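Let me begin by presenting the structure, written as structure tokens, before commenting on it.
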Amino acid sequence: MSRILIVEDEVSLTSVLRRGFEAEGLSVDVAHDGNEGLRLALTDAYDVIVLDVMLPGLDGHRVCRTVRAAGLWTPILMLTAKDSEYDEAEGLDTGADDYLTKPFSYLVLQARLRALLRRRGGSRPTVIEAGDLVLEPGNKRCTRAGTEIPLTAKEFDLLAVLARRPGVAVSKGALLEEVWDLPADSDPNIVEVHISALRRKLDRPFRQPADDNPPSLLHTARGIGYRLNPAPRATR
């Protein structure tokens, strides 16, 4: 049975979510403030955490950062009342895997949770290599040129889809279906936000001081989607 932790101070919303999840056969724990949510996240094993941003005590961003700093990579779905792309990017940069803006559809929430819970089954290669980029699906580890790059579970899954097809443009619709388990005609903004976060992590640390316009690993295929153009491995 999958275990879910809900960290949300709106009692009525928490009650609705809990009843819905338990009706689906999930085990649910609840915390109504950031301090208690952090304590549970660090002491118990969960399959996914639903985390509100605006909380008494510690806010959701601080909870998420602390969980990630402790080396725990439990998938986190962040709930926020803020809908600007900067707020979305901040949530992802703190370590969240996905986000939903309030008010949201329970059906969409279910789909997002199914995607986060889908971490089992299906044969996958032990290691994915694309130029100087190496991905280890078993432990969600990513390195570039031997340097480890911390990624959220969703960022890793998105990058893995592109790394399995180096040089091939993958449509936003295909990424929505494969990574988020959403219909291909869903809002592509979530893909764009995650691509932006990946570019910051994959490119910025490897830029040379003399580079005026350093190439990115992730390229936009106009009118289609995105493709990964691997950087060659350094020769010795």
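Remember, it's a predicted structure, so these values are computed and weren't measured experimentally.
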Could you tell me whether [X] and [Y] have a side-chain N and a carboxylate O separated by less than 4.0 Å?
X	Y	value
K154	D98	no
R39	D44	no
R18	D29	no
K172	E178	no

List the atom of [X], the atom of [Y], and the distance in Å for their closest heavy-atom pair.
X	Y	value
A130	L228	CB-CD2, 3.9 Å
L55	D9	CD2-N, 3.8 Å
P137	I128	CG-CD1, 3.9 Å
A169	I224	CB-CG2, 4.0 Å
E155	A197	OE2-CB, 3.5 Å
E177	P183	CG-C, 4.3 Å

How many angstroms lie between atom [atom1] of [X] and atom [atom2] of [Y], to the nearest 0.5 angstrom?
X	Y	atom1	atom2	value
C142	E148	SG	CD	8.5 Å
S2	R114	OG	CZ	12.5 Å
D97	I76	CG	CD1	6.5 Å
K201	L151	NZ	CG	5.5 Å
S27	R3	OG	CZ	5.0 Å
N229	L218	CG	CG	9.0 Å

Minimum side-chain heavy-atom gap [X]-[Y] below 4.5 Å:
X	Y	result
K102	L79	yes
N189	V193	yes
T94	M78	yes
L117	R112	no
V67	T74	no
P230	L133	no
L198	L158	yes
V63	V7	no

**OP:** Could you please spell out the steps behind the salt bridge (Lys or Arg N to Asp or Glu O under 4.0 Å) verdict for D132 and R144?
**Re:** CA-CA 5 Å; D132 66 352; R144 182 177 181 190; 3.2 Å; yes
Subject >> Sidechain-backbone polar pair: S171 side chain, A174 backbone, donor-acceptor under 3.5 Å >> reply: yes
Original post:
Is a side-chain donor or acceptor of T14 paired with a backbone partner of E10 at a separation under 3.5 angstrom?
Top reply: yes
Answer with yes or no whether the hydrophobic clustering places [X] together with [Y]; edges join I, L, V, M, F, W, Y residues whose side-chain heavy atoms lie under 4.5 Å apart.
X	Y	result
V53	V11	no
V168	L159	no
V50	V16	no
I6	F104	yes
L40	L42	yes

**OP:** Determine, step by step, whether L217 and D203 satisfy the side chain to side chain contact (heavy atoms under 4.5 Å, CB included) criterion, reporting the C-alpha distance in whole Å, the side-chain angles of both residues, the deciding distance to 0.1 Å, and the verdict.
**Re:** CA-CA 7 Å; L217 289 183; D203 297 328; 3.9 Å; yes
**OP:** Given side chain to side chain contact (heavy atoms under 4.5 Å, CB included), test Y226 with E192 step by step and report yes or no.
**Re:** CA-CA 9 Å; Y226 301 97; E192 296 161 4; 3.4 Å; yes
**OP:** Report the C-alpha separation of Q110 and L107 in whole Å, then their side-chain angles, then the decisive distance to 0.1 Å, and conclude whether the side chain to side chain contact (heavy atoms under 4.5 Å, CB included) test is met.
**Re:** CA-CA 5 Å; Q110 286 178 308; L107 290 177; 3.3 Å; yes
**OP:** Report the relative orientation of the aromatic rings in H194 and Y99; use parallel for angles under 30°, tilted for 30 to 60°, perpendicular for over 60°.
**Re:** parallel
Original post:
Without hydrogens or angle criteria, can the side chains of S15 and R19 be said to hold a donor-acceptor pair below 3.5 Å?
Top reply: yes
**OP:** Check the pair V161 / L175 against side chain to side chain contact (heavy atoms under 4.5 Å, CB included), numbers first and verdict last.
**Re:** CA-CA 8 Å; V161 170; L175 293 172; 3.7 Å; yes
